[in-house]
S.K.: 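Shown below is the structure under consideration.
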Amino acid sequence: MNTPTPPSTESSSQHHIRQTRIDKLTQWQALGVNPYPYTYEKSDDNAVIQSRYAALEAGVETSDTVSVAGRIMAIRNSGMFIDLQDPTGKIQLFSHKENLSDTLQEQLKLLDIGDLIGAEGTVRRTPRGELSIKVTQFHLLGKSLLPLPEKYHGLTDVEVRYRQRYLDLIMSEETRTTLQTRSKIISELRRSLFDKGFLEVETPILQPIAGGAAARPFVTHHNTLDMDLYLRIAPELYLKRLVVGGLAEKVFDLNRNFRNEGISPRHNPEFTMIELYQAYADYNTMMDLTEELFETIAEKVLGTTTITFGDNTISLKRPWQRKTMTQAVLEVTGLDFSTIHSDAEAREAAASVHVHVKPTDTWGLVLEKILEEKVEHTLIQPVHILDYPKEVSPLAKTHRSDPRLVERFETRINGWEVANAFSELTDPLDQRQRFEDQLRAREAGDDEAHQMDEDYITALEYGLPPTGGLGIGLDRMIMLLTNSANIRDVIAFPTLKPKH
RNA sequence: GCGUGUUUAGCUCAGCGGUAGAGCACUCCCCUUUUAAGGGAUAGGCCCUGGGUUCAAAUCCCAGAACACGCACCA
């Protein structure tokens, strides 16, 4: 092996540790061992052994042979005791020299904290009660060259935890559990939808018009076509095209969306969302479906429908509350928007509860602002807020009993919006009108207003069946189900600025 | 984008004008039923970057960077 070039940023302490380990690596090679071998066959995960022998009493030895593999997290008494960690948990290796060949005794001295090894032996519980494997054979599976963070405090520097997630995962069981739970939640969600006959589809992430939501997009460029493309802010319009085409009556797209907005504890520039559409259904169906999905996933993944978030205890048990936007605002502020008709009256009402509005804001915009500022943070238990103003919902169908409203709901849990759904607007002529209203808003300075999408209207003109649509922000759902206060804790590699 | 914090050894943190400290990790010695840490002895630092103030700056001031938390924007 050639002399490796150390990173130029390396300090002398770091260099010393790394060089020492490289020296040990060459010693392994001198013993005829490849420190980076190809395979290893383990018989069991650590957690499986821990639970299988949970009842084994202290001091009892079995003759059951197992093999395990993982990372060395601690070495005590010159290698006699090693804590070995795999993704499921830890187990102690007991390597008494009387059980090891001379060669293995030599190799034991060449092990460091952080090395990956596989070990075989018999299961026993020590007199002090620690389940252990009495090692008769072990193999180096990967030499680690860098020192791990301190074992007691772990890695607490949040910046390093996000930038070097692999280190965080090695050191923090909480991080491992959270990200493992994320994966289970997404699997259960898919499984639930497959069970209901949904078809998973993929729609473009690179889009010539970033539609389906009100947000600023990222722009990128295709060289050969010499054209700008947008990273999608939502899959919505493409999914409904598939329903028009009759690919399936129930479709969903579960993937990343990108919004060029500020970063916060609840916002990452790329985030995971599921959008689903069901033909011949309306927003009432979507409410039922939202509740069922949350309840089922919580039960399957967490084993309970009662979750804790910070100081709040939240019940996801069905049925959830449903209240109209005007009801919700009335209950908290005493303002009854169902009896307010003019835009001017609405703005006065906002002023009376100290909500700032622009002189151009309409009845619907004012109502939405009051909800967001005065009501939203009080909605801890799950609740569907329904019947949104038409001007903030250009893709939703007009309410069957009030032309100022659309059939749309947003689900709030813990004060957050976690779902957004509507009876989809299927009338192509109405849709064109709504897009034109949006264009006027855009010209008036609203750079998040929806753009015209002629091809989408063409698709609607061929005929979209009555359709219910639902979007769920999965990162937030996962935050709720894992009691994570920051979205970065549920995203393995959150967006960060380069260090320098 | 604005405000407030944080940034010192590989990690976790003290120090807050007078040539840089601890614990763990590392190295060496001793030890073979320990478990955050078996016992002992070493070694390891452009104190985030760039300016200033001062006889003297890790420490005070100004600017910048990254990160965190609020606010703004939004899912």
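Below, chain A is the first sequence line, B the second, and so on; all start at residue 1. Worth saying up front: this structure is predicted, and the values here are computed from it rather than measured.
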S.K.: Using the P atom as the point on both nucleotides, what is the distance between B:rC69 and B:rU34, in whole Å?
M.R.: 43 Å
S.K.: Find which nucleotide of RNA chain B each of A:Arg163 and A:His96 is nearest to by heavy atoms, and output the residue with the more 5' nucleotide.
M.R.: A:His96
S.K.: Give me the distance, rounded to whole Å, that separates B:rC29 from B:rU54 when you measure between the C1' atoms they each carry.
M.R.: 49 Å
S.K.: Using the C1' atom as the point on both nucleotides, what is the distance between B:rG23 and B:rU8, in whole Å?
M.R.: 15 Å
S.K.: Show me the pairs that pass ring pair (Phe, Tyr, Trp, His ring centres under 6.0 Å) and involve residues 44-83 of chain A, at least two apart or across chains.
M.R.: A:Phe81-A:Phe94
S.K.: Show the atom names and distances, to 0.1 Å, of all donor-acceptor pairs under 3.5 Å that link a side chain in residues 413-422 of chain A to residues at least two apart or in another chain.
M.R.:
from: A:Asn414; atom 1: OD1; to: A:Asn312; atom 2: ND2; distance (Å): 3.3
from: A:Asn420; atom 1: OD1; to: A:Arg408; atom 2: NE; distance (Å): 3.0

S.K.: Output the residues of residues 44-69 of chain A in contact with RNA chain B, where contact means a heavy atom of the residue under 4.0 Å from an atom of the strand; sort by number or write none.
M.R.: none
S.K.: Taking the nucleotide of RNA chain B with the closest heavy atom to each, which residue, A:Asn420 or A:Pro127, is nearer the 5' end?
M.R.: A:Pro127
S.K.: Among residues at least two apart in sequence or on other chains, which ones pass side chain to side chain donor-acceptor pair (under 3.5 Å) with A:Gln27?
M.R.: none
S.K.: Taking CD from A:Glu448 and C1' from B:rA72, how many angstroms apart are they, rounded to a whole number?
M.R.: 12 Å
S.K.: Distance check: side-chain N/O of A:Thr156 vs OP1/OP2 of B:rC13, anything under 4.0 Å?
M.R.: yes
S.K.: Base, sugar-phosphate alone, or nothing: which one does A:Asn268 contact when heavy atoms must sit under 4.0 Å apart?
M.R.: base
S.K.: Please find the pair of heavy atoms, one from A:Arg52 and one from A:Val66, that lie closest to each other, and give the distance.
M.R.: NH1-CG1, 4.3 Å
S.K.: Measuring only the C1' atom in each nucleotide, how far is B:rC47 from B:rA22? A whole number of Å is fine.
M.R.: 15 Å
S.K.: Is the closest side-chain heavy-atom distance between A:Arg190 and A:Leu254 below 4.5 Å?
M.R.: yes
S.K.: In whole Å, what is the span from the CD1 atom of A:Ile72 to the P atom of B:rA36?
M.R.: 18 Å
S.K.: Which residues pass the salt bridge (Lys or Arg N to Asp or Glu O under 4.0 Å) test with A:Asp437, not counting sequence neighbours?
M.R.: A:Arg440
S.K.: So, is A:Lys97 close to the B:rU32 phosphate, meaning a side-chain N or O under 4.0 Å from OP1 or OP2?
M.R.: no
S.K.: For residues 95-103 of chain A, which side-chain donor-acceptor pairs fall under 3.5 Å, sequence neighbours excluded?
M.R.:
from: A:His96; atom 1: ND1; to: A:Glu98; atom 2: N; distance (Å): 3.2
from: A:Ser101; atom 1: OG; to: A:Leu104; atom 2: N; distance (Å): 3.1

S.K.: Mind checking A:Arg124 for me? I need base, sugar-phosphate or nothing, with any heavy atom below 4.0 Å counting as a touch.
M.R.: base
S.K.: Is there a donor on the side chain of A:Thr126 or the base of B:rU34 sitting less than 3.5 Å from an acceptor on the other?
M.R.: yes
S.K.: Reckon A:Asn257 touches a base, only the sugar-phosphate, or nothing at all at heavy-atom distances under 4.0 Å?
M.R.: nothing
S.K.: With heavy atoms under 4.0 Å as the rule, sort A:Arg216 into base, sugar-phosphate or nothing.
M.R.: nothing
S.K.: Syn or anti for B:rC30, taking syn as within 90° of 0?
M.R.: anti
S.K.: In the 5'-to-3' direction, what one-character label does each nucleotide of nucleotides 21-29 of chain B receive under the scheme B = base within less than 4.0 Å of a protein heavy atom, S = sugar-phosphate only, - = no such atom?
M.R.: --BBSSS--
S.K.: Classify the side chain of A:Gln92 versus the base of B:rU34 as yes if they form a donor-acceptor pair under 3.5 Å and no if they do not.
M.R.: yes
S.K.: In terms of side-chain heavy atoms of A:Glu130, which of B:rA37, B:rU34, B:rC69 is nearest?
M.R.: B:rU34
S.K.: I'd like to check the side chain to side chain donor-acceptor pair (under 3.5 Å) partners of A:Lys397; sequence neighbours left out, ordered by chain and number.
M.R.: A:Thr426
S.K.: In whole angstrom, give the distance that lies between atom CG of A:Leu108 and atom C1' of B:rC31.
M.R.: 14 Å
S.K.: Within a 6.0 Å radius of atom CD on A:Glu174, are there more than 12 heavy atoms belonging to other residues, nucleotides or ligands?
M.R.: no
S.K.: Measuring to OP1 and OP2 of B:rU35, would you say a side-chain N or O of A:Arg76 lies under 4.0 angstrom away?
M.R.: no
S.K.: With sequence neighbours left out, what residues match A:Arg163 under side chain to side chain donor-acceptor pair (under 3.5 Å)?
M.R.: A:Glu159
S.K.: Side-chain N or O of A:Asn77 less than 4.0 angstrom from OP1 or OP2 on B:rG39?
M.R.: no
